[in-house]
Amino acid sequence: MPAANQALASLLHEMSQMLDLLGEDSFRASSHARAARAIEDLPHDIASMDRKQLLEVQGIGPKMADKILEFAATGEVKEHKELASRVPPGLLMLLQIPGLGPKIVRAMWTQCSICDIPSLKKCIDDGTILGVPRMGQKQVNKIKAAIALAEQGQQRLWLGRAYALAERFASRLRELPMVERVEPAGSLRRGRDTVGDIDILVAIRPGHDHEAAQIGEAFRTTPGVTQVLVAGDNKSSVRASLNFDVGRWKRTVDEGEQGPTIQVDLRVLPLASWGAALMYFTGSKEHNVRLRERALKMGMTLNEWGLFPEDDEKTPPQARGVKPVAAATEEEVYAALKLPYIPPECREDRGECDCNTPIRLVEVADIKAELHAHTTASDGQLSIEELAEAAKARGYHTIAVTDHSRSSAVAGGLTVERLLTHINAVRSAKVKGITILAGSEVDILADGTLDYPDDILKQLDIVVASPHAGLTQDPPTATARMLKAIGNPYVHIVGHPTGRLINRRAGLSPDLAAIIKAAQEHDVALEINSHWMRLDLRDSHVREAVKAGCKIAIDCDVHARDEFDNIRFGVATGRRGWLTPELCINTWDAERLHGWLKSKGGR
DNA sequence: ATGGATGTCCATGCCGCCAGCATTGGCGG
């Protein structure tokens with residue numbers, strides 16, 4: 001996303017929150033939030049759009065268009081400043097605390113003069129906070145715990161870390177005899193690049209309802225649990241340590257230090273409502289609302305217990321023994337709503353409910369080639385043969401050896417002489433049943449030129465061009481840099497196009513629409529780097545690229561044997577962008593893939 | 001503030017759960 005879009009989106013988001021806090025028209029507030037989301041999804045730099053183009057975007061009307069134009073011209077929005085002068089800045093922080101919404105924060109502000117976390121703590125300590133309506137001791141206890149967490153600097157957890165943690169709980173639960181099904185839900189199941197907490201759903205085997213307590217017990221005693229928050233029969237919540245057994249990313253922790261934790265929730269359900277519950281807990285919220293709205297229009301009502309006929313009674317249908325129209329599987333609930341099955345990765349209310357035909361998305365099993373991998377020649381851990389054997393063991397027909405180029409000195413980048421030697425070594429390496437390609441991951445230098453001259457590049461079977469340094473460039477410079485690289489006739493794939501590291505650095509913010517258009521025109525594939533710290537391209541970029549018909553490569557950027565497993569995260573990101581096998585070059589058969597590679601640069 | 005149906009007004013995503021000070025408002029999915 002262009003940097004200006006991100007900045008404007010957060011500014012509009014703040015405006016929305018400030019309008020809520022001031023108690024102004026709530027529809028004005030949600031309009032700002034909607035516009036912020038629309039701008040986050042835009043592939044174009046808002047600075048390059050005129051009023052007419054802006055008005056075509058759903059959720060942007062005349063007033064919002066003026067604000068966007070003002071921001072593009074001056075870098076600020078007057079109305080935002082006016083609102084900010086009326087709302088203490090600390091109040092926005094308070095909204096981050098789970099359980100505190102705009103109404104309660106507003107009440108705390110107007111009645112107790114609470115304007116930030118310190119003054120909130122003071123009012124908790126002296127008890128004056130209990131004077132706020134709907135604020136009792138239980139609420140206060142929750143808020144206290146939430147503040148403690150907020151002060152630890154909680155951030156959303158990387159998908160790869162969350163997956164490993166969820167699997168640790170899930171595999172323990174799957175072993176229990178009274179357990180029928182286990183499935184992590186929430187944003188983890190939707191494959192978002194980061195997750196806020198982990199929800200695990202368990203269906204109890206019919207006739208074993210009385211054994212539910214044992215499931216909760218097993219869950220709460222899973223190694224790595226540091227604290228039990230809720231211990232009911234059908235619902236448990238714990239905090240689990242991230243430092244415990246997370247493979248090679250394990251950090252050293254001082255004795256006694258707890259380190260970062262994440263909340264993990266368990267819900268135990270009857271098998272009969274499994275589908276409806278799985279849908280509810282998978283979300284997204286926006287997708288759920290869309291489905292429930294649709295159910296209403298069809299004379300039904302949808303909740304986490306099932307899809308029921310609407311009967312205008314006040315009490316929930318499941319409490320009255322009403323038989324659901326559908327509930328046991330997600331497939332039957334979607335079918336009853338006259339929708340094709342919607343894959344979890346697409347459940348974001350981004351048009352998936354308007355699509356009448358099932359979308360055949362790329363799957364892990366479709367992937368037949370890894371086109372970005374490193375060996376001991378640069379910073380990888382495997383030899384050429386070991387790498388090829390590992391790829392073959394996964395059923396791949398092709399592995400590309402793409403070690404770093406000379407400018408990536410810290411990563412052991414190859415000089416031209418070493419590269420030529422390496423090409424020979426790759427070409428003489430033979431592993432039966434798999435094609436080993438001689439390639440390079442060539443640095444895209446800050447000015448957009450590549451790290452090897454063209455006469456070297458054309459000797460390679462495959463060229464992955466990636467940005468590694470100069471990742472703080474301004475957007476126009478970054479755009480020009482990437483466009484220049486894409487224009488090089490020897491480039492096949494642009495590797496991790498923005499260079500972001502999730503939770504670490506933002507990376508480049510080029511005009512993605514321009515990059516995608518150029519890639520499509522020059523027949524260059526854009527990479528989804530599957531490492532969970534990168535996931536770059538990100539989901540929204542993939543969606544735009546797919547719309548434009550741009551080719552996509554999903555690669556693991558393999559440095560070690562177990563990194564092939566990261567493919568699931570890259571594929572999930574692709575699926576979030578509605579990527580089909582056809583546009584994903586890693587799914588092509590050997591003949592088609594090799595033919596395409598050879599068609600470039602007059603090879 | 002937006003967008004849809006009109007020709008300027010009108011509605012604005014659903015549903016369950018929880019705490020509370022009690023029959024509802026706020027929150028979260």
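Naming convention: chains lettered A, B, ... in sequence-line order (proteins, then strands); numbering from 1 in each chain.
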Exercise. Looking at His287(A), Arg192(A), Arg543(A), Arg576(A), which hits side chain to side chain donor-acceptor pair (under 3.5 Å) with Glu348(A)?
Worked result: Arg576(A)

Exercise. What does Val57(A) touch in the nucleic acid at a heavy-atom separation under 4.0 angstrom: a base, only the sugar-phosphate, or nothing?
Worked result: sugar-phosphate

Exercise. Given atom NZ of Lys297(A) and atom P of dC14(B), what is their separation to the nearest angstrom?
Worked result: 10 Å

Exercise. Between Lys67(A) and Glu76(A), is the closest basic N to carboxylate O distance under 4.0 Å?
Worked result: no

Problem set entry | Out of dC15(B), dT2(B), dG29(B), whichever nucleotide has its closest atom nearest the side chain of Ser31(A) | dT2(B)

Exercise. Lys67(A) has an atom NZ; how far is it from atom C1' of dT2(B), in whole Å?
Worked result: 11 Å

Exercise. In whole angstrom, what separates Ile200(A)'s CD1 from dG29(B)'s P?
Worked result: 16 Å

For this session: Flag the pair Asp354(A) and Arg290(A) as a salt bridge only when some basic side-chain nitrogen lies within less than 4.0 angstrom of an acidic carboxylate oxygen.
Result: no

Exercise. Reckon Gln137(A) touches a base, only the sugar-phosphate, or nothing at all at heavy-atom distances under 4.0 Å?
Worked result: sugar-phosphate

Problem set entry | Nearest listed nucleotide, side chain of Asn303(A), among dG16(B), dG20(B), dC14(B) | dG16(B)

Seminar exercise, completed: Testing dG29(B), dG13(B), dG16(B) for proximity to the side chain of Asp349(A), the answer is dG13(B)

Exercise. Roughly how many Å is it from CD in Gln139(A) to P in dT24(B), rounded to a whole number?
Worked result: 19 Å

Exercise. Mapping Trp305(A) and Gly101(A) to their closest nucleotides on DNA chain B, which lands nearer the 5' end?
Worked result: Trp305(A)

Seminar exercise, completed: Considering only heavy side-chain atoms of Ile104(A), the closest of dG3(B), dG26(B), dC14(B) is dG26(B)

Exercise. Among dA1(B), dG29(B), dG16(B), which is the nearest nucleotide to the side chain of Arg292(A)?
Worked result: dG29(B)

Exercise. Looking for any heavy atom pair under 4.0 Å, which part of the strands does Gly186(A) touch: base, sugar-phosphate only, or nothing?
Worked result: nothing

Exercise. With both distances under 3.5 angstrom, what nucleotide forms a Watson-Crick or G-U wobble pair with dT24(B)?
Worked result: dA19(B)

Problem set entry | Same-atom distance (P) from dT6(B) to dT12(B), integer angstrom | 16 Å

Problem set entry | Distance in angstrom units between Phe308(A) CZ and dC15(B) C1', rounded | 12 Å

For this session: Looking at every strand, decide which applies to Asp199(A) at a 4.0 Å heavy-atom threshold: base, sugar-phosphate, or nothing.
Result: nothing

For this session: Using only side-chain N and O atoms of Asn288(A), determine if any of them is under 4.0 Å from OP1 or OP2 of dC14(B).
Result: no

Exercise. Are OP1 or OP2 of dC15(B) and a side-chain N or O of Thr301(A) less than 4.0 angstrom apart?
Worked result: yes

Problem set entry | Value in whole Å for how far the C1' atom of dG16(B) lies from NZ of Lys314(A) | 16 Å

Exercise. Looking only at heavy atoms, which two atoms of Cys353(A) and Arg294(A) are closest? And how far apart?
Worked result: O-NH1, 3.7 Å

Exercise. Should the ring pair Phe169(A) and Phe219(A) be called parallel, tilted or perpendicular, given that the plane angle runs from 0 to 90° and is split at 30 and 60?
Worked result: tilted

Problem set entry | Base paired to dG3(B) (Watson-Crick or G-U; both N/O distances under 3.5 angstrom) | dC10(B)

Exercise. Once you round it to whole Å, what is the distance between P of dC18(B) and CD1 of Ile143(A)?
Worked result: 18 Å

Exercise. Between Asp25(A) and Glu293(A), which is nearer to the 5' end of DNA chain B once each is assigned its nearest nucleotide?
Worked result: Asp25(A)

Problem set entry | Options dG16(B), dG13(B), dG4(B), nucleotide nearest the side-chain atoms of Gln58(A) | dG4(B)

Problem set entry | Closest listed nucleotide, where the reference is the side chain of Met64(A) and the choices are dC14(B), dG3(B), dA1(B) | dA1(B)

Problem set entry | Carboxylate-amine/guanidinium contact Asp265(A) Arg267(A), below 4.0 Å | yes

Exercise. Hey, is the side chain of Lys63(A) poking within less than 4.0 Å of OP1 or OP2 on dA1(B), counting only N and O atoms?
Worked result: yes

For this session: State which of dG16(B), dT12(B), dG29(B) makes the closest approach to the side chain of Phe27(A).
Result: dT12(B)

Problem set entry | Euclidean distance for P, dG13(B) against dT23(B) (whole angstrom) | 28 Å

Problem set entry | P atoms of dA11(B) and dC21(B), separation to the nearest Å | 32 Å

Exercise. When you measure from the side chain of Lys103(A), which nucleotide among dG13(B), dG20(B), dC27(B) comes out closest?
Worked result: dC27(B)

Exercise. In terms of side-chain heavy atoms, does Asn303(A) have a donor or acceptor partner in Gln318(A) at a distance below 3.5 Å?
Worked result: yes

For this session: Check the distance between dC15(B)'s P and Leu302(A)'s CG and give it to me in whole angstrom.
Result: 8 Å

Exercise. Mind checking the C1' distance from dG25(B) to dG20(B)? Whole angstroms is fine.
Worked result: 10 Å

Exercise. Under 4.0 angstrom, heavy atoms only, what part of the nucleic acid is Gly283(A) near: base, sugar-phosphate, or nothing?
Worked result: nothing

